[in-house]
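Here's the structure we're looking at; comments come further down.
Numbers restart at 1 for each chain; the letters A, B, ... are given by sequence-line order, proteins then strands. Every heavy atom of this structure was used, including side-chain atoms; hydrogens, water molecules and symmetry mates were not.
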Amino acid sequence: MSPLQIHNTLSNKKELFTPINGKTVKIYACGPTVYDLSHLGHARSAITWDMVVRYLRFSGYDVIFTRNITDIDDKIINRAKELGIRPEQVAREYTFGYWRDMKALNIGLPDFEPRATEYLSQMIAFIDQLIKAGHAYASEGDVYFDVSSFKEYGKLKKQRLEDMLVGARDLAVSQQDLQERKKSPLDFALWKGAAAGETGWQTPWGFGRPGWHLECSTMIADVLGDTIDIHGGGEDLVFPHNENEIAQSEALHKKPLARYWMHNGMVNIDAEKMSKSLGNFKTIQDLLQTYSPDTIRLFILQTHYRSPLEFTAESLQAVKNGLQRLIRAANGVSQDDAEKLASQMQVAESAFTKEELRKVGAAFAEAMDNDFNTAEAVAVLYGLADQINTTAEIEKRLSHIYALQLYAGVLGLTLEDTSQNLDSATSQEIMSLVLQIRQEARAKKDYATSDLIRNKLGALGINVMDTAGNGAAWERS
RNA sequence: GGCGGCAUAGCCAAGUGGUAAGGCAGAGGUCUGCAAAACCUUUAUCCCCCAGUUCGAAUCUGGGUGCCGCCUCCA
């Protein structure tokens, strides 16, 4: 097994990755709250975990990957009010939207994808256990986690309780009535009371809905177990979300929630974080109008997952241009090669075992083993493209094409050549051009040429029909 | 105010002690009827500034400056 190193937010260091149980790796990543269209920030997060899962599987691990969907939340309820529809409808619409976008971006399906509304009974049981264990208390229809009961609170964010209290003071002033129900401003809601008629569920503590952090703790315990190998999420979730997950789960189970905590960096626009609240986001749907899924993925993977990623149209265009070279190389530069490629992939696969490609594989693995350094891994892909383009030896070309496709695939890049896919407007123009050339041949009484065109088109399933005075019309037969 | 992170060429971006990957853009060239593609050459004596440690630092230490994130919903 490879000597994979992973940066762990808990220790703030790179650590050698060793799974709890042999080759099995249990991963949980925080998914979206479905109240609006997904944007590039969601894409970065999803692509990051997709890349991690793909590489771990490529390295020989059996990965169990779980990603949740938060489908009940204040933001969803507020959105529903704005739109005048039920929260369930909002959640359903944007859940489908998320799935559509993830599929478009070639992101693999998680092995489990629990939704918060499927976990009410488990969440209620979780709260009940926390109360019985003295880690939570009910207060006027709400239930709060007692932060003072969990000594390690703040270990992920690495902030002392006293310092956090200072920070929480302003909030306490602005939300006086809320704070009066809590023992400490740092205590967070496990359950929020709701008025009758609002969306909610009945519990021993009253009618209401779950706090946001609770679902992740509950789902992890239910789907994967008390301690998982890797927990992933956006950097902005470190505090309070992930910190609170740790508090809930570890207070109850007395075991570490996750051994490795991984966090992806934010996407910035004009040096500011892309976020819903700032309104400066680019939706995945919008981006896909202009850029291919591979372009978006390569744009994200050319930066290390923990670094901030600056979004500009220029850099996305630059990636698009660079990707062209990889695609051309991966699909054979000439038509000849493309045809041979299909029939000789077997040859390529056997040639792939040769020594020179071992070095390429080692370079790729070395990059990825270093905390998933995809920027370096991408450089390996470009190196392969150079090799392909500078040799005329067919066997070497094929084996390197095989390697390029293989490693690109580990990064989730398809390198699919869509350069010859024509839209219908373009097809119309081309037919118009062909028929114009044919018309000029007929005008010169060059019937050999005009008949050749008509017969060839006929063989392609296109009927050409000459008219008396309006040139020729065509249709698919 | 507290905590954390970042500063590398025109742009994007790797590199955490051994003498600056890769991509884009630019320049020159080869090939070509002309293009395109592809290929070759070229583009940071230097990695925000100052001081220090070291035989040796973009990489370590200290001090500045600037930017960002979290502390409130957020991938």
Side-chain angles (χ1 to χ4, degrees), chain A residues 9 12-14 29-33 35-36 38-49 67 70 73-76 78 98 154 156-172 174-175 178 185-186 188 212-213 232-243 263-268 270-278 281 298-326 328-329 333-334 363 367 370 373-383 385-386 388-392 419:
Chain A
T9 306
N12 215 8
K13 285 189 299 205
K14 278 185 211 168
C30 292
T33 300
Y35 73 106
D36 203 349
S38 306
H39 60 66
L40 187 57
H42 298 107
R44 184 178 195 192
S45 197
I47 286 170
T48 298
W49 309 125
R67 182 183 63 206
T70 302
D73 178 89
D74 286 358
K75 291 192 296 297
I76 294 171
N78 291 338
Y98 182 70
L156 187 66
K157 174 72 177 169
K158 282 171 282 297
Q159 202 159 343
R160 296 175 310 155
L161 279 181
E162 307 87 85
D163 292 335
M164 286 190 277
L165 275 166
V166 175
R169 210 162 42 199
D170 294 342
L171 183 69
S174 67
Q175 298 185 355
L178 180 63
L186 292 176
F188 56 90
W212 172 41
H213 318 296
E235 199 175 37
D236 53 351
L237 299 186
V238 173
F239 192 90
H241 183 59
N242 295 154
E243 192 75 57
H263 291 95
N264 66 275
M266 299 292 99
V267 177
N268 292 338
D270 298 329
E272 257 191 338
K273 177 181 163 185
M274 177 182 290
S275 72
K276 297 271 178 65
S277 47
L278 290 171
F281 58 90
L298 187 59
F299 172 68
I300 285 167
L301 295 182
Q302 74 163 4
T303 302
H304 186 84
Y305 75 91
R306 284 191 286 115
S307 300
L309 174 62
E310 184 68 30
F311 173 88
T312 64
E314 292 73 23
S315 57
L316 211 39
Q317 183 60 45
V319 167
K320 184 178 178 179
N321 293 344
L323 179 65
Q324 282 299 318
R325 237 177 75 215
L326 293 180
R328 288 192 186 106
V333 175
S334 69
N370 182 16
N373 193 332
T374 53
E376 272 189 15
V378 166
V380 172
L381 301 187
Y382 279 103
D386 283 345
I388 292 163
N389 286 331
T390 51
T391 184
S419 60

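For P308(A), the side chain to side chain contact (heavy atoms under 4.5 Å, CB included) partners at least two apart in sequence or on another chain are N268(A).
Looking only at distances, no side-chain donor or acceptor of N370(A) sits under 3.5 Å from a matching main-chain atom of N373(A). No side-chain donor-acceptor contact under 3.5 Å links E235(A) to the backbone of H263(A). Not a single donor-acceptor pair under 3.5 Å links the side chain of Q302(A) to the backbone N or O of V319(A). Under a 3.5 Å cut-off, the side chain of K320(A) and the backbone N or O of A318(A) do not form any donor-acceptor pair.
Closest of all the heavy-atom pairs between A329(A) and I388(A) is O-CG2, 3.8 Å. Between V267(A) and G41(A), the shortest heavy-atom contact is CG2-CA, 4.0 Å.
Contacts of G265(A) with the nucleic acid, taken as non-hydrogen atoms under 4.0 Å apart, include base atoms. N12(A) comes within contact range of the sugar-phosphate backbone alone, with a heavy-atom separation under 4.0 Å but no base atom that close. Among the protein residues, G41(A) comes within range of the nucleic acid bases, having at least one heavy atom under 4.0 Å from a base atom.
Distance from the side chain of P240(A) is smallest for rC71(B) among the nucleotides rC71(B), rA75(B), rC39(B). Residue R328(A) has its side chain nearest to rA37(B) when only rA75(B), rC12(B), rA37(B) are considered. Comparing rC68(B), rA75(B), rC73(B) by their closest approach to the side chain of N268(A) singles out rC68(B).
Contact between the side-chain N/O atoms of N264(A) and the OP1/OP2 oxygens of rA75(B) is not found at any separation under 4.0 Å. Between N242(A) and rC70(B) there is no side-chain N or O to OP1 or OP2 distance below 4.0 Å. Applying the 4.0 Å criterion to OP1 and OP2 of rA75(B), one finds that K273(A) has every side-chain N and O outside that range.
The pairing partner recorded for rU59(B) is none, the criterion being a Watson-Crick or G-U wobble arrangement whose two distances lie under 3.5 angstrom. Under the Watson-Crick or G-U wobble criterion, with both distances below 3.5 Å, rA7(B) is paired with rU65(B). rC46(B) makes up no base pair with any nucleotide shown, lacking Watson-Crick or G-U wobble contacts both under 3.5 Å. rA27(B): Watson-Crick or G-U partner is rU41(B), with both key distances under 3.5 Å. The pairing partner recorded for rU53(B) is none, the criterion being a Watson-Crick or G-U wobble arrangement whose two distances lie under 3.5 angstrom. Across the strands present, rU72(B) finds no partner; the criterion is a Watson-Crick or G-U wobble pair with both atom distances under 3.5 angstrom. Judged by Watson-Crick or G-U wobble contacts below 3.5 Å, the nucleotide rU32(B) has no partner.
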Taking protein heavy atoms under 4.0 Å as touching, what does nucleotides 13-25 of chain B look like 5' to 3' if B marks base contact, S marks sugar-phosphate-only contact and - marks none? SSS-----BSSSS
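By the 30° and 60° cut-offs, the orientation of the rings of H213(A) relative to H241(A) is tilted.
Taking the nucleotide of RNA chain B with the nearest heavy atom to each of F299(A) and T33(A), the more 5' of the two is matched to F299(A).
The interatomic distance linking K157(A) (NZ) with rG69(B) (P) rounds to 12 Å, in whole Å. Counting to the nearest Å, the P atom of rG2(B) and the CZ atom of F239(A) are 17 Å from each other. Separating the CG atom of L186(A) from the P atom of rC71(B) is a distance of 13 Å, rounded to the nearest angstrom. Rounded to whole angstrom, the span from the NZ atom of K158(A) across to the C1' atom of rG5(B) amounts to 12 Å. Rounded to an integer number of Å, the gap from F188(A) CZ to rC73(B) P is 12 Å.
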